[in-house]
Amino acid sequence: MSLRVAVYGLGPIGQLIAREVLKKKDLNLVAAFDVDQKKIGKDLAELLMLNDKTGVHVSSPSELGMMLKSNGVKVVLHSTLTYLDHVYPQIVKCIKAGANVISTSETLSNPYYRYPELAELIHEMAKKYCVTVIGTGVNPGFIFDTLPALLTAVCTEVHSIHVTRSLDAAKRRESFQRKYGLGLGLDKFKAKMEIGELTAHVGYGESISLLADTLHVKLDKIVEGQEPLIAGSSTKTQYVTISIGTVSGIHGYGIGFLDGKEFIKIDLFAEVDREEFEEVVVDGNPPLKWRSTGTAGDIATAAMAINLIPKLSKVGPGLLRMCDIPLPSTFLNLGVNQV
Ligand SMILES: NC(=O)c1ccc[n+]([C@@H]2O[C@H](COP(=O)([O-])OP(=O)(O)OC[C@H]3O[C@@H](n4cnc5c(N)ncnc54)[C@H](OP(=O)(O)O)[C@@H]3O)[C@@H](O)[C@H]2O)c1
């Protein structure tokens, strides 16, 4: 028996999710949704550039409730928008159709941070319909929160945690490069950031509050910010040209204060041609330093969403966060862990 799954949102992340779900023998992709008129009606194979038809055609979200029910969908893998006030009606429709939701919406990773009222509403509704709703991804969802939390499991004391993520923005999808304003002049970048037309990274506060909650720590306050990095030489990516003096990336940060001191600090450097690594430094007993050679963020986000599917069978209904579920991991087959 395979588990019936739908994808909601077929941008680059949703397409990656769909492609990987189609490869999993224990998952049966039975429905796909997007608002884009150019995608609606197409067989997924056309969007994903697969040789063989999938038999799954992209539907309008107006058909979502009916299609989830008639296809017996158990899990919706959702990847449309970032802010919870925008995705809230989408999540509600899935819940009311009796489907569990795993979303890459950044603000859903810890919705109690920015949208406490919507979080409570979703939690109550999910319990009523006996489904689970959870937000995840590479970041927020893993690098700045779940990973450092896991690393502290070997410490008896923690005085501070510093996580750095450094990535080559040229390797990321077009929508990523556009939302970071790559190639824009400084004034244009600032103006677009100010009106919210560009967001760069969203989720510093979500990650810090999620990590603090996981460690059972109540922070005094969280501050966050981002500033553009400026190109010293011209270069180009697959999607944008970056001239000298224009934006080549961003440095973003978040700090969580405990008893007036920096307790959690996260730094993101996302820039064209930047060295790729992640580093977690824990000042504790024992002190700890962990470093990687980088994580390919787009496929990692798809993986995080798909890999949560079997974990849902281990948790009760409601709005959950990464700290509320069993140890995340990949899954090779669903076996007895049916949702
Ligand atoms: N947590 C993480 O680590 C993580 C990592 C990567 C991405 N993300 C987030 O995941 C989401 C998807 O990423 P992406 O790069 O694929 O974004 P994207 O390029 O903006 O694609 C989103 C897709 O969803 C569609 N869409 C928008 N509103 C919709 C609605 N109401 N109903 C159905 N479809 C809708 C869009 O259609 P139109 O193009 O026609 O609007 C587009 O096809 C974004 O919010 C992104 O920020 C999170």
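Quick note: numbers below take in every heavy atom, side chains included, and nothing from hydrogens, waters or symmetry partners. When a ligand or atom number is given, it counts from 1 through the structure's own listing order.
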Joint cluster assignment, L84 & M125, ILVMFWY side-chain distance < 4.5 Å: yes
N/O separation below 3.5 Å, P12 to ligand 1: yes
Proximity of F142 to ligand 1 by residue part, where a heavy atom lies under 4.0 Å: neither
Identity and distance of the protein heavy atom lying nearest atom 47 (O) of ligand 1: E106 OE2, 2.6 Å
Protein residue, atom and distance nearest to atom 13 (O) of ligand 1, heavy-atom basis: I13 CG1, 3.4 Å
Closest approach of any protein heavy atom to atom 25 (C) of ligand 1, naming residue and atom: D34 OD2, 3.4 Å
Check against side-chain contact (heavy atoms from CB on, under 4.5 Å), L22 and L50: CA-CA 11 Å; L22 287 167; L50 304 174; 3.8 Å; yes
Backbone or side-chain N or O of P61 under 3.5 Å from ligand 1 N or O: no
Nearest-contact summary for atom 7 (C) of ligand 1 - protein heavy atom, Å: R173 NH2, 3.1 Å
Check: T132 main-chain N/O paired with N100 side-chain donor or acceptor under 3.5 Å: yes
Step-by-step side-chain contact (heavy atoms from CB on, under 4.5 Å) determination, I230 to I244: CA-CA 8 Å; I230 302 301; I244 296 177; over 6 Å; no
V282-L147 co-clustered via ILVMFWY side chain contacts under 4.5 Å: yes
Heteroatom proximity flag, S105 to ligand 1, N/O under 3.5 Å: no
Atoms in ligand 1 flagged as close to K179, the criterion being non-hydrogen separation under 4.0 Å: 46 (C), 47 (O)
Within 45° cone and under 6.0 Å: K24 NZ/CZ vs F331 ring: yes
Any M304 heavy atom less than 4.0 Å from ligand 1: no
Closest protein heavy atom to atom 48 (C) of ligand 1, given as residue, atom name and distance to 0.1 Å: T104 O, 3.0 Å
Whether F269 and H251 hold their rings parallel, tilted or perpendicular, with breakpoints at 30° and 60°: parallel
P148 and its side chain to side chain contact (heavy atoms under 4.5 Å, CB included) partner, picked from T214, V281, V163: V163
T82, L64, I17: member with heavy atom nearest to atom 45 (O) of ligand 1: T82
Validation row: T235, S248 side chains within 4.5 angstrom (heavy atoms): no
Joint hydrophobic cluster, F144 plus V223, side-chain heavy atoms closer than 4.5 Å: no
Nearest-contact summary for atom 21 (O) of ligand 1 - protein heavy atom, Å: G11 CA, 3.3 Å
Proximal ligand 1 atoms for Q90, defined as those under 4.0 Å from one of its heavy atoms: 30 (C), 31 (N)
Transitive ILVMFWY side-chain link I13 to L48, under 4.5 Å: yes
T136 heavy atom under 4.0 Å from ligand 1: yes
Any N/O pair R172/ligand 1 closer than 3.5 Å: no
Mode of V202 contact toward ligand 1 - side chain, backbone, both, neither (heavy atoms, under 4.0 Å): neither
Atom indices of ligand 1, in the order listed, that fall short of 4.0 Å to a heavy atom of G137: 1 (N), 2 (C), 3 (O)
Within one Ile-Leu-Val-Met-Phe-Trp-Tyr cluster: Y112 and I102, side-chain cutoff 4.5 Å: no
Could you tabulate the donor-acceptor pairs under 3.5 Å formed by side-chain atoms of residues 191-201, not counting sequence neighbours?
unit_1	atom_1	unit_2	atom_2	d
K192	NZ	E197	OE2	2.6

Nearest protein heavy atom under 4.0 Å from atom 16 (O) of ligand 1, yes or no: yes
Protein residue, atom and distance nearest to atom 27 (C) of ligand 1, heavy-atom basis: V35 CG2, 3.7 Å
Enumerated ligand 1 atoms positioned under 4.0 Å from heavy atoms of G9: 24 (O)
Geometric class of the Y180/F176 ring pair [parallel <30°, tilted 30-60°, perpendicular >60°]: parallel
Proximity of K39 to ligand 1 by residue part, where a heavy atom lies under 4.0 Å: side chain
For V138, atoms of ligand 1 separated by under 4.0 Å from a heavy atom: 2 (C), 3 (O)
Atom 40 (O) of ligand 1: nearest protein contact (heavy atom, Å): D36 CB, 3.5 Å
Close-contact set for ligand 1 against Y8 heavy atoms, below 4.0 Å: 32 (N), 33 (C)
Check: R4 side chain, N71 main-chain N or O, donor-acceptor pair, under 3.5 Å: yes
